[in-house]
Number of protein chains: 2
Amino acid sequence: MYTSLFLKTHRTPVIDGEEAAALESAVARTATFTAKQIMVRQQVPLTQCTLLLEGFVERYRDTPEGRRQILAIHIPGDFVDLHSYPLKRLEHSVAALTDVKVAMFPHTAVRALTAQSPTLTELLWRSTLIDAAINREWIVSVGARSAVVRLAHLFCEMYVRLERIGMAPDRTFALPLTQVDLADATGLTAVHANRMLRQLREQGLVAFRHGEVEILDWDGLRAFADFDPAYLFFD
Amino acid sequence: MYTSLFLKTHRTPVIDGEEAAALESAVARTATFTAKQIMVRQQVPLTQCTLLLEGFVERYRDTPEGRRQILAIHIPGDFVDLHSYPLKRLEHSVAALTDVKVAMFPHTAVRALTAQSPTLTELLWRSTLIDAAINREWIVSVGARSAVVRLAHLFCEMYVRLERIGMAPDRTFALPLTQVDLADATGLTAVHANRMLRQLREQGLVAFRHGEVEILDWDGLRAFADFDPAYLFFD
DNA sequence: CGGTTGGTTGATTCGCGTCAAAACTCGTGG
DNA sequence: CCACGAGTTTTGACGCGAATCAACCAACCG
């Protein structure tokens, strides 16, 4: 059941057994990528979508001045490029953060699903729009929050999302990023990110080391980060 | 023809006459709002979508610390909250920047369209995803571009979008924002935005005064702003 | 081992924010 | 028609948060 994790994390709209079976059968094949491999290059025409089954994936853009901006981090159960169905190509690249296993949905199969079920359509559409809501939350982060708070907010988001799929027991979870990656996600330099991580640790809120996050004080962290999970649409 | 401007600016996928008629007939009513009026409040359940016919609209979030982040600026022909159909509520607010005229699409009518035509579905879905691509470009702006470049980039984006609907003849167009609004959109303070605007004017690239933009050197501005319109998906 | 990648720290610089005040615009009412 | 006040733009002085530059260290690995 390639799609069971996706379906479990998207409870609106309600999907019946027949629709779930249709979605499952839209998988043409599975594939794997190794860590750091580029999965989708920007502006290249696409004919299929990718559902992440195992591992972590990033979406990012490189700027001519040599800066890199991470746009999204995906975890198992996320579609990493479902938006390529209506858009046909992407304006950013997608890369594997770890070794990764994915399921592929040909655009033709997605179209057949939309022709068949308005409810499935709404579900798939919704999942791309939740990504967009996360994009907007990141605009707020980089545009209106201080460096420490940005990092704290990112940890909150990743904790809540991972906890939901059972990948963050005991307020501890793997987040396979380097400090450079954290900096690229939050619009900071690696040096400053490093200092802010120390501050978060010393404040007793979160500790991040070697790609592992340990939440020390969840309520404190949430309050500090101004974190409200409404934008994740977990209902 | 409420939907003709929207259809004119979305050429992919190709829509036939019957589909265009179906879309047009999904309009339940029109409405007007006055400048500065809040059109949608965050977290309030919604039952209809709004297509902007005349005027300018902003989407924004307020932070507890009193900062405000503008997330998007909409122009005639844009759906301002089509994403409310799959999401049912929004995590940001929507306000009129000028007096505004809109067409309303009940969610039930949108659902009927998706049940009837996979092509229309793809078109509507696509339009929400172009908004998301713009969101991502804004992440790159606030996360990885300097203050002057951010402003230059915003002017490029608005010029290209407005030119396309005939609202930017002679490289001049109305952009009904104050300097405070520009600052809120780019993650700057109004004071610094003011200084950067002066710099852009003195560099001979763009001049902004009283809600009017005059592009002085389009090629220079594009190059300076690192502007590539691919993310607007004008095809 | 030496090379490579990631993390840590210090010194210094600078972009942008903050605070404050003045000039300007425009709508409104006396 | 002028006075007034609210909102906007402009400018200056100053301070801080984050970038930059530059070492140095730790872990890992062929």
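Just so it is clear: chains get the letters A, B, ... in the order the sequence lines come, proteins before strands, and each one is counted from 1. As a basis for the values below, the full set of heavy atoms in this structure was taken, side chains included, without hydrogen atoms, waters or symmetry mates.
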Any A:R209 side-chain nitrogen or oxygen under 4.0 Å from OP1 or OP2 of C:dG6: no
Side-chain N,O (A:N194) to OP1/OP2 (C:dT8) below 4.0 Å: yes
Length of the line joining [X]:[atom1] and [N]:[atom2], which is rounded to integer Å:
X      : N      : atom1 : atom2 : answer
A:F208 : C:dG6  : CZ    : C1'   : 11 Å
B:E65  : C:dT18 : CD    : C1'   : 16 Å
A:H192 : C:dA11 : NE2   : C1'   : 16 Å
B:L182 : D:dT8  : CG    : P     : 12 Å
A:R67  : D:dT20 : CZ    : C1'   : 12 Å
A:E202 : C:dT9  : CD    : C1'   : 13 Å
B:L151 : C:dG15 : CG    : C1'   : 14 Å

Answer yes or no: is there an ion pair linking [X] with [Y], defined by an N-O contact shorter than 4.0 Å?
X      : Y      : result
B:E214 : B:R201 : no
A:E91  : A:R59  : no
A:R126 : A:D131 : no
A:D78  : A:R161 : yes
B:E137 : B:R145 : yes
A:R150 : A:D226 : no

Sugar-phosphate, base or nothing in reach of B:G187, heavy atoms under 4.0 Å: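 The answer is sugar-phosphate, as B:G187 gets under 4.0 Å only of primed atoms, P, OP1 or OP2.
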Sugar-phosphate only, base, or nothing, as touched by A:T178 at under 4.0 Å among non-hydrogen atoms: sugar-phosphate
Ring-face cation of B:R164 near B:F234 (centre distance under 6.0 Å, axis angle within 45°):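 Yes, a cation-pi geometry.
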Geometric cation-pi criterion, B:R222 with B:F227: 6.0 Å, 45°: no
Per-nucleotide protein contact string for nucleotides 21-30 of chain D, where B marks a base within reach and S marks sugar-phosphate only (heavy atoms under 4.0 Å, - for neither): B---------
Bending between helix ends of the helix from C:dT8-D:dA23 to C:dG30-D:dC1 [5 pairs per end, 10° resolution]: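 That helix has its two terminal axes inclined by roughly 40°.
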Proximity of B:F105 and B:Y85 rings by center, below 6.0 Å: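 B:F105 vs B:Y85: aromatic centres not under 6.0 Å.
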Which nucleotide in D:dA19, D:dT10, C:dC16 has an atom nearest any side-chain atom of B:S146: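 Closest of the options to the side chain of B:S146: C:dC16.
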